S.K.: 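I have a structure I would like to understand better, so I am pasting it below and will then ask my questions one at a time.
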Amino acid sequence: MGAGGRMSAPPPRKNAETDNLKRVPFSKPPFSLGQIKKAIPPHCFQRSVIRSFSYVFYDLTIAFLLYYIASNYIQPLSQPFSFLAWPVYWFVQGCVLTGVWVIAHECGHHAFSDYQWLDDTVGLILHSALLVPYFSWKYSHRRHHSNTGSIERDEVFVPKQKSAIGWYSKYLNNPPGRFLTLTIQLTLGWPLYLAFNVSGRHYEGFACHYHPYGPIFSDRERLQIFLSDAGVLAVVYGLYRLAVAKGLAWVVCYYGGPLMVVNGFLVLITYLQHTHPSLPHYDSSEWDWLRGALATVDRDYGILNKVFHNITDTHVAHHLFSTMPHYHAMEATKAIKPILGDYYQLDRTPVFKAMFREAKECIYIQRDEGDQKGVFWYNNKL
């Protein structure tokens, strides 16, 4: 490795607003994955079927209670009170269902139980209910974990170099342009990624999470992609029958609104975990798995950290040990911080402020001037 053995961190970014924007070390870490693992209490790696299901039942119970409140107290409201109450329901229900989505995500990592068949069954049901092709996303997401921080092989939110950004970027590099970009990203980003691999890794051919014979998947995975599609189609058919019986407005109010919130949070959470001015990206001459896994950042969503099962503020630990259950991740994060030192990044900047800051600061990646090594940093000078 071209950077191997150097232990000095690069100088902080000029005019950095806070220490959060100082670059993290990019050299080969002085610790190994095994040393990190030894710092974590062994019980943190133990998966409990009962405890895992307790989170499923808890989330679904809250979701049902919110549905009950909406159907008995919001639907009868007259205008304009209903116009105010429905968005509140969408947001709160969307947050709860994002927690459900996170549990299904754990199933994809085999972090739900010791039984792969049980993880896949629960994950398929929960993700299909949220119109996510479970196995398709499971396989592409695992490759993301295998190639995090690689500008050539990472799967999602792969940053562009300056020469590859669109001509329109300079016209969007202003507050209204950034607002428009974030709005499109949070509303359409998730379905566009699933359907057209937007913001994902470049593939030869049509890359689509619903296409069993697309380039994203191997031959041994294709049968399960069909199963993912069948799960999504079954839920779509169920929604169609509900629309026929109760009306399209009913489906939009009770299901569509919360689903839009779920999709928005999925994009926002992923975007902020992997997009930060302090984080490096690597080409093949410099990349290795451990440095790539450390090229991510924990974020603070306040009370939503618990609602989202701490996927937000324990993401570094999750990238290091993805089969660890979420209910042990906080303890594990506390244990590994002394080992990681400056390689660990936590940014407590309020999320709303952070997403606009990152949209402004992180337009493309490039090497430092005069540096020919394969380490790339975010830049915004167009």
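Worth saying up front: this structure is predicted, and the values here are computed from it rather than measured.
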S.K.: Taking the inter-plane angle between the rings of Phe57 and Phe53 on a 0 to 90° scale, is it parallel (under 30°), tilted (30 to 60°) or perpendicular (over 60°)?
M.R.: parallel
S.K.: Any luck finding a side-chain donor-acceptor pair between Tyr364 and Ser169 under 3.5 Å?
M.R.: no
S.K.: Are Arg367 and Asp283 ion-paired here, with the side-chain N under 4.0 Å from a carboxylate O?
M.R.: yes
S.K.: Take the angle between the ring planes of His326 and His309 and call it parallel below 30°, perpendicular above 60°, tilted in between.
M.R.: tilted
S.K.: Ring centroid separation for Phe376 and Tyr282, is it under 6.0 angstrom?
M.R.: no
S.K.: Please report the interatomic distance CG(Leu66) to CD1(Ile74), rounded to the nearest 0.5 Å.
M.R.: 8.5 Å
S.K.: Tell me whether Trp90 is reachable from Ile69 by hopping between hydrophobic residues (I, L, V, M, F, W, Y) whose side-chain heavy atoms are closer than 4.5 Å.
M.R.: no
S.K.: Can the ring centroids of Phe217 and Tyr139 be said to lie less than 6.0 angstrom from one another?
M.R.: no
S.K.: Could you tell me how the ring of Trp86 sits relative to the ring of Tyr254: parallel (under 30°), tilted (30 to 60°) or perpendicular (over 60°)?
M.R.: perpendicular
S.K.: Are any of the side-chain heavy atoms of Leu320 and Ile336 separated by less than 4.5 Å?
M.R.: yes
S.K.: Any idea how His315 and His318 line up, ring-wise: parallel (<30°), tilted (30 to 60°), or perpendicular (>60°)?
M.R.: tilted
S.K.: Given the rule in the side-chain contact (heavy atoms from CB on, under 4.5 Å) test, do Tyr301 and Asp313 qualify, once you have shown the distances and angles that lead to the verdict?
M.R.: CA-CA 8 Å; Tyr301 285 66; Asp313 55 345; over 6 Å; no
S.K.: Is it the case that more than 12 heavy atoms not belonging to Arg222 sit under 6.0 Å from its CZ atom?
M.R.: yes
S.K.: Looking at Arg299 and Glu358, is any side-chain nitrogen of the basic one under 4.0 Å from a carboxylate oxygen of the acidic one?
M.R.: yes
S.K.: Checking Asp119 side chain against Ser113 main chain: does a donor-acceptor pair fall under 3.5 Å?
M.R.: yes
S.K.: In this structure, is the centre-to-centre distance between the rings of His144 and His274 below 6.0 Å?
M.R.: yes
S.K.: Distance only, no hydrogens: is a donor on one side chain within 3.5 Å (strictly under) of an acceptor on the other, for Asn380 and Asn173?
M.R.: no
S.K.: From Thr314 OG1 over to Asp298 CG, what is the distance, rounded to the nearest 0.5 angstrom?
M.R.: 6.5 Å
S.K.: Which class fits the ring pair His209 and Tyr193: parallel under 30°, tilted 30 to 60°, perpendicular over 60°?
M.R.: tilted
S.K.: May I ask you to say whether Lys381 pairs ionically with Glu369, meaning some side-chain N is under 4.0 Å from a carboxylate O?
M.R.: no
S.K.: Taking the six-membered ring for Trp, are Phe265 and Phe308 closer than 6.0 Å centroid to centroid?
M.R.: yes
S.K.: Rounded to the nearest 0.5 Å, what separation is found between the CZ atom of Phe135 and the CG atom of Leu124?
M.R.: 5.5 Å
S.K.: Calculate, to the nearest 0.5 Å, the distance between atoms CD1 and OG1 belonging to Ile269 and Thr98 respectively.
M.R.: 6.0 Å
S.K.: So that I can tick it off, tell me whether Lys138 and Asp120 are bridged by a salt bridge, with the cut-off set at under 4.0 angstrom between side-chain N and carboxylate O.
M.R.: yes
S.K.: Output the distance between atom CG (Leu290) and atom CG (Leu33), rounded to the nearest 0.5 Å.
M.R.: 6.5 Å
S.K.: Around Phe196, counting heavy atoms of other residues, nucleotides and ligands shown, do more than 12 lie under 6.0 Å from its CZ?
M.R.: no
S.K.: If you count every heavy atom of other residues, nucleotides or ligands that lies below 6.0 Å from Phe64 atom CZ, does the total exceed 12?
M.R.: no
S.K.: Begin from the C-alpha positions of Asp347 and Arg357 and carry the test salt bridge (charged side-chain N to carboxylate O under 4.0 Å, His left out) through to its verdict.
M.R.: CA-CA 12 Å; Asp347 192 338; Arg357 183 191 67 195; 2.7 Å; yes
S.K.: Check Arg23 with Asp368, please: is the shortest side-chain N to carboxylate O separation under 4.0 Å?
M.R.: yes
S.K.: Any salt bridge between Arg291 and Glu286, counting N to O under 4.0 Å?
M.R.: yes
S.K.: For a 4.5 angstrom cut-off between non-hydrogen side-chain atoms, does Leu182 reach Met355?
M.R.: yes
S.K.: Can you check whether Phe31 and Tyr343 have ring centres sitting under 6.0 Å from each other?
M.R.: yes
S.K.: Using 4.0 Å as the upper bound for N to carboxylate O, is an ion pair formed by Arg201 and Glu155?
M.R.: yes
S.K.: Tell me, yes or no, whether the heavy-atom count around Phe356 atom CZ, taken from other residues, nucleotides or ligands under 6.0 Å, exceeds 12.
M.R.: yes
S.K.: Students often mix this up, so state it plainly: with edges at 30° and 60°, are the rings of Trp137 and His127 parallel, tilted or perpendicular?
M.R.: perpendicular
S.K.: To the nearest 0.5 angstrom, please state how far the CD atom of Gln35 sits from the CD1 atom of Ile339.
M.R.: 7.5 Å
S.K.: Please confirm whether the ring centroid of Phe321 lies under 6.0 Å from the ring centroid of Phe45.
M.R.: yes
